[in-house]
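To start, the structure under review is shown below, and the notes come after it.
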Amino acid sequence: MTGDKCMCVFINFCAFPNSNQHIIFHSMALSPPFVSFFFLTFTLTLHSQPLPPPPPPFACDWSNPSSKSYPFCNPNLSILERTTDLVSRLTLDEKLAQLVNSAPPIPRLGIPAYEWWSEALHGVAKSRGINFSGAISSATSFPQVILTAASFDSHLWYSIGLAIGIEGRAIYNGGQAMGMTFWAPNINIFRDPRWGRGQETAGEDPLVTSTYAVSFVRGLQGDSFHGGKLMGHLQASACCKHFTAYDLDNWKGVSRFVFDARVSLQDLADTYQPPFKSCVKQGRASGIMCAYNRVNGVPSCADFNLLTKTAREKWDFNGYIASDCNAVAIIHDQQGYAKSPEDAVADVLRAGMDLECGNYLSSHAKSAVLQKKVPISEIDRALHNLFSIRIRLGLFNGNPTKLSFGMIGPNHVCSKKHQYLALEAARSGIVLLKNSDALLPLPKTNPAISLAVIGPNANDFTTLAGNYAGPPCRNMTVLQGLHHYVKNTVFHPGCDGGPKCPTAQIEEAVEVARKVDYVVLVMGLNQSEEMEELDRVQLDLPGKQLELINSVAEASKRPVILVLLCGGPVDITLPKYNHKIGGILWAGYPGELGGIALAQIIFGDHNPGGRLPVTWYPKDYIKVPMTDMRMRADSSSGYPGRTYRFYKGPKVYNFGYGLSYSKYSYEFVSVTHDKLHFNQSSTHSTMDENSETIRYKLVSDLGDETCQSKMVSVTVGVKNHGSMVGRHPVLLFMKPGKHRSGSPMKQLVGFESVLLDAGERTQIEFELSPCEHLSRANEAGLMVVEEGSHLLLVGDVEYPIHIIM
Ligand SMILES: *[C@@H]1O[C@H](CO)[C@@H](O)[C@H](O)[C@H]1NC(C)=O
Ligand SMILES: *[C@@H]1O[C@H](CO)[C@@H](O)[C@H](O)[C@H]1NC(C)=O
Ligand SMILES: *[C@@H]1O[C@H](CO)[C@@H](O)[C@H](O)[C@H]1NC(C)=O
Ligand SMILES: *[C@@H]1O[C@H](CO)[C@@H](O)[C@H](O)[C@H]1NC(C)=O
Ligand SMILES: *[C@@H]1O[C@H](CO)[C@@H](O)[C@H](O)[C@H]1NC(C)=O
């Protein structure tokens, strides 16, 4: 390894000092020390800084005597007192100018310009608010979210959020940002496999997505893992988007701008809304973005019930609400919901939106006010919400680099620690889908083996990033990662023209494959197949990919290994059952160190443990219109339903599927009570189903105290029977004892990722609230607890619980 002429620097991360108190590598000891290497080619740009960076923009410069006289500059006053003072000083024109994403400066009050639009989905990205053209030219590019979700590891999600928040703050402090309001995470449910932005999400399950939202937001905003540390301050500001039921971009001519999502109250209650509720209530997110689409006729950004009654009043939201970009204009121009531009402006401000991404308000807010369609009180409310965020970010306290978060320097961007975390995220998420006859891992100890790496995604580092990626700290391909293990590696792209693969050089690829000991095919999709404004219309591998795979597999000496880079699922039924394909790995879009992560798994330096966060459907699923928002199956019309909770048809792979080099076993060690009595005081209601009378109670009638008192502790034992250390996510499901129409067939109620040595056993404790985990939404969208039995389920092991009314 030392003779490597590409000047790679090897770093043993097990010996890496844990100097930054912020980040805990809870999962460091994953590999035996001698293999826990990966190479860092230090082409980082931080080596020389000729000039000190310009100071970041801030208000209340103490060198200006008038700052001391402004109550809005006084950190001893409450935020409300400060914003009240500030707003009272503004003219109408100054007020209106602040309602758009590029907020202009107010020089007479010493207030600089602010850019609200920054992106940080899986790493700080280039955007209006973030500039990579100074000393800092890149940021850590973590795996695309769908892969990170596959780790089922909330500590990892938190650490990533924290790292991104630190890098965002460091970039601001380094004078290369105009704002610190990041429009992430995307917490919509990945409802349909064709969605081009499904890759940005944490998958199809509401609990996983909710937990992802809370963990990521707490990390990014600088809170503790369990929350409650911040006291209102913000390291950076996160934004839960896109509120709500947004999961279609552009499918067969139906665009997100005009789509009217018809959503039942039941689906809204137990699928679409839970991530937003968690993001706001537990995560304490300081931003929400309302979506382009309409929900049951009402544009999300003009929905008072959604923005004000639900988010602000029911969930106690106290941040700002931004529109998706140009979402106000379309309410009039494309949806025709508002009769005039002024009506559109009035609709959104009345609904509770505070900030427009766009400039429709710059053109039409003044006339809306003059026509008395918008009272000043609504504008003032928006301004309070907006300035309170800038104050909480510490931008109205004098030079922020003198304050706590201001000490975060540029050395945090692309730090070894963050890059290690990116590697850890990739290898924790990658899912082993097939491993016939234990083909994997390949023998790394044999220096004489030869390897062919074939496929359009093998030597393209841009594919690894996924959308909303920033410039990565380093560019490395899967080919480079594999080459690190096998010097005798040959490459062939297989397809002409990338993953679209309209034509393939099959004979040439076959010739390459025939000559070597092992073949790894790196196939899948890229952003030309699935992205924002581009949903897929089919689920096959594009073009000639399958033909190429089959021909290469047929010709190879041994069964081949297929690596899939894609966000949404593809139908790989044929490779799944092809005996010439011995191993299949799904790697999402694994980020800047995804090539290393894959190589470590293929050569056994890491034991794969990721599990699919979405159902993989067969390709004829496309007969379901993407526009049909119903989660629940409808047998009368042949509608099959969506996601593992409701879809009854055949699957290529199930939600939660994923193999490992270890076998794990489970047992229920204890369940604190398996009979839950709800027959005290308050009366029950009944409903009839199939001539059976079922008693139930509304969760809202039970009240928090009863719900708390009925908590069930479930202790699950898990053992690693393999010979390798492994990280393994344990998934606890609940299954209604008797299937009732409208109930999920199965529902995830808890999950936790554990690190287990070879032969090690541990116990995990899950706390279940019957009101939260054993309840379901009724057709009116209300959560109910019903009498009857439920099965707890881990793997194939079941445990019954009874609810008695
Ligand atoms: C805030 O309070 C502290 C402590 O009472 C005081 O020293 C400081 O001058 C006050 N700051 C302002 C701007 O009034
Ligand atoms: C980025 O910053 C550089 C120097 O600070 C400046 O010249 C450039 O205009 C900025 N670009 C953008 C897009 O803000
Ligand atoms: C990665 O590649 C891009 C595009 O070629 C380039 O702009 C960037 O500088 C490269 N980054 C590094 C760290 O080499
Ligand atoms: C994706 O692949 C296509 C060919 O299939 C190529 O033209 C395009 O540049 C690639 N796009 C990205 C964003 O990598
Ligand atoms: C609730 O039901 C249980 C079992 O049927 C019974 O033992 C208990 O007395 C009941 N409690 C009330 C308050 O009715």
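These values consider heavy atoms only, across backbone and side chains, with no hydrogens, waters or symmetry-generated copies. Sequence positions, counted from 1, serve as the residue numbers for this chain. Order of listing sets the numbers, starting from 1, for every ligand and every atom in it.
The shortest heavy-atom contact between Ser286 and Ser237 is OG-OG, 2.8 Å. In plain terms, the two heavy atoms of Phe190 and Asp192 that are nearest each other are CE2-O, 3.0 Å.
Considering backbone and side-chain N/O of Ser528, one or more are found under 3.5 Å from N/O of ligand 4. Considering backbone and side-chain atoms together, Asp460 places no N or O closer than 3.5 Å to any N or O of ligand 4. Taking distance alone, with nitrogen or oxygen atoms compared against 3.5 Å, Asn475 approaches ligand 3 more closely than that limit. Among the atoms of Gln527, none of the N or O lies under 3.5 angstrom from an N or O of ligand 4. Considering backbone and side-chain atoms alike, Pro499 places an N or O below 3.5 Å from some N or O of ligand 4.
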Practice problem: May I have the step-by-step check of side chain to side chain contact (heavy atoms under 4.5 Å, CB included) for Val652 and Ile572, ending in yes or no? | Solution: CA-CA 7 Å; Val652 180; Ile572 50 160; 4.3 Å; yes
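Without hydrogens or angle criteria, Gln199 side chain to Gly588 main chain gives no donor-acceptor distance under 3.5 Å. A donor-acceptor distance shorter than 3.5 angstrom exists from the side chain of Arg194 to the backbone of Ile622, with no hydrogens or angles considered. When atom types are taken as modelled, the side chain of Thr148 and the backbone of Ala425 share no donor-acceptor pair closer than 3.5 angstrom. With Tyr468 contributing its side chain and Gly123 its backbone, the two residues share no donor-acceptor pair below 3.5 Å.
Looking only at heavy atoms of the protein, atom 13 (C) of ligand 1 is closest to Asn74 OD1, 3.6 Å. Among protein heavy atoms, the minimum distance from atom 6 (C) of ligand 1 is reached at Asn76 ND2, 4.1 Å. The protein non-hydrogen atom at the shortest distance from atom 4 (C) of ligand 4 is Gly497 O, 2.8 Å.
Partner Tyr589 forms a side chain to side chain donor-acceptor pair (under 3.5 Å) with one of His122, Gln144, Glu530 and no other, that one being Glu530.
Protein non-hydrogen atoms do reach within 4.0 Å of atom 8 (C) of ligand 1. Within the 4.0 Å cut-off (strictly below), a protein heavy atom is located near atom 2 (O) of ligand 1. Distances from atom 11 (N) of ligand 1 to the protein include at least one heavy-atom value under 4.0 Å.
Under a 4.0 Å criterion applied to the non-hydrogen atoms of Phe461, ligand 3 contributes the atoms 1 (C), 2 (O), 5 (O). Set against the non-hydrogen atoms of Thr462, the atoms of ligand 4 under 4.0 Å away are 14 (O). For ligand 4, the atoms lying closer than 4.0 Å to a non-hydrogen atom of Lys500 are 5 (O).
Counting only N and O atoms by type, the side chains of His492 and Glu508 include no donor and acceptor under 3.5 Å apart. Between the side chains of Tyr246 and Asn188, no donor N or O sits under 3.5 Å from an acceptor N or O.
Contact analysis puts Cys473 in contact with ligand 3, with a non-hydrogen atom separation below 4.0 angstrom.
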